[in-house]
Amino acid sequence: MSDCLFCKIIEGEIPSKKVYEDDTVLGFEDIKPNAKEHYLFISKDHSKNVNDMSEKNPDSIVHVYNAIRKFTRENGLEESGFRVVTNTNRNSGQVVFHTHFHVLGGEPLKGFGA
Ligand code: AMP
Ligand code: ZN
């Protein structure tokens, strides 16, 4: 059994509020939202971060971004806008080492020149 929190969410061992699922990607609500809408998109293939993901299965990056594109288009975020953030290792503050893409929106977002 995996010790990874997000693998446990994929397996259904830990509950989550799913917002998107296909064969290779899962999207769910972040438990501690940093914006009015805050989702996490992950590949079902375990990797630690984007460096690891690029080496193991670079196609999964495309799958995750296609899923985000589909989800945001179908849930009213395409026109209003959203931000995708991926933390990698210590200086970024990454705490969960299963690669995940934060999708933030639903209100004007501060920072990054906004
Ligand atoms: P990061 O700093 O990029 O590793 O972010 C990890 C994110 O996972 C944080 O935004 C947490 O709020 C979120 N998180 C941690 N545990 C859970 C959980 N059980 N369900 C949903 N989101 C979670
Ligand atoms: Zn994992």
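Ligands are counted one by one from 1 in listed order, and the atoms in each one are counted from 1 as well. Just so you know, residue 1 is the first one in the sequence shown, and it goes up from there.
- For Glu74, the CD atom sits in a packed shell: over 12 heavy atoms of surrounding residues, nucleotides or ligands are nearer than 6.0 Å.
- Within the listing of ligand 1, atoms 1 (P), 2 (O), 4 (O), 6 (C) sit less than 4.0 angstrom from a heavy atom of Val95.
- Looking at Thr88, Asn87, Asn89, Thr86 one by one, the single match for side-chain hydrogen bond (donor to acceptor under 3.5 Å, both in side chains) with Asn49 turns out to be Asn89.
- Where the criterion is an N or O separation shorter than 3.5 Å, residue side chain and backbone included, Asp30 meets it with respect to ligand 1.
- Side chains of Phe6 and Leu40 form a contact here, defined as non-hydrogen atoms less than 4.5 Å apart.
- Within the 4.0 Å heavy-atom shell around ligand 1 one finds Phe28.
- Atoms of ligand 1 lying under 4.0 Å from any heavy atom of His102, numbered from 1 in the order shown and given with element: 1 (P), 3 (O), 5 (O), 7 (C), 10 (O).
- By the criterion of a heavy-atom distance under 4.0 Å, neither the backbone nor the side chain of Phe101 is placed next to ligand 1.
- Here Asn87 has side-chain heavy atoms under 4.0 Å from ligand 1, and that is the only part of it that gets that close.
- Each of the following atoms of ligand 1 lies closer than 4.0 Å to a heavy atom of Leu5: 16 (N).
- Among Ile14, Ile42, Ile31, the residue whose heavy atom sits closest to atom 17 (C) of ligand 1 is Ile31.
- Under a 4.0 Å heavy-atom criterion, Lys17 is not in contact with ligand 1.
- Other residues, nucleotides and ligands contribute only 12 or fewer heavy atoms inside 6.0 Å of the NZ atom of Lys48.
- Protein N/O/S atoms closer than 2.8 Å to the Zn ion (ligand 2), listed by chain and residue number, are Cys4 SG, Cys7 SG, His46 ND1, His98 ND1.
- Atom CZ of Phe82 and atom CG of Leu77 lie 7.0 Å apart (nearest 0.5 Å).
- The distance between the ring centers of Tyr39 and Tyr20 does not fall below 6.0 angstrom.
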Let me have the donor-acceptor pairs involving side chains of residues 23-32, under 3.5 Å, with sequence neighbours excluded, atom names and distances please.
residue	atom	partner	partner atom	Å
Asp30	OD1	Lys32	N	2.8
Asp30	OD2	His38	NE2	3.3

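- The shortest N or O to N or O distance between Leu40 and ligand 1 is not below 3.5 Å.
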Practice problem: Begin with the C-alpha distance, continue with both residues' side-chain angles, and end with the deciding distance and a verdict on side chain to side chain contact (heavy atoms under 4.5 Å, CB included) for Lys8 and Asp3. | Solution: CA-CA 8 Å; Lys8 287 183 178 164; Asp3 249 358; 4.2 Å; yes
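- When heavy-atom distances to ligand 1 are checked against a 4.0 Å cut-off, His100 comes that close only through its side chain, counted from C-beta outward.
- Residue contacts with ligand 1 leave out Ser16, since none of its heavy atoms falls under 4.0 Å from the ligand.
- The shortest N or O to N or O distance between Gln94 and ligand 1 is not below 3.5 Å.
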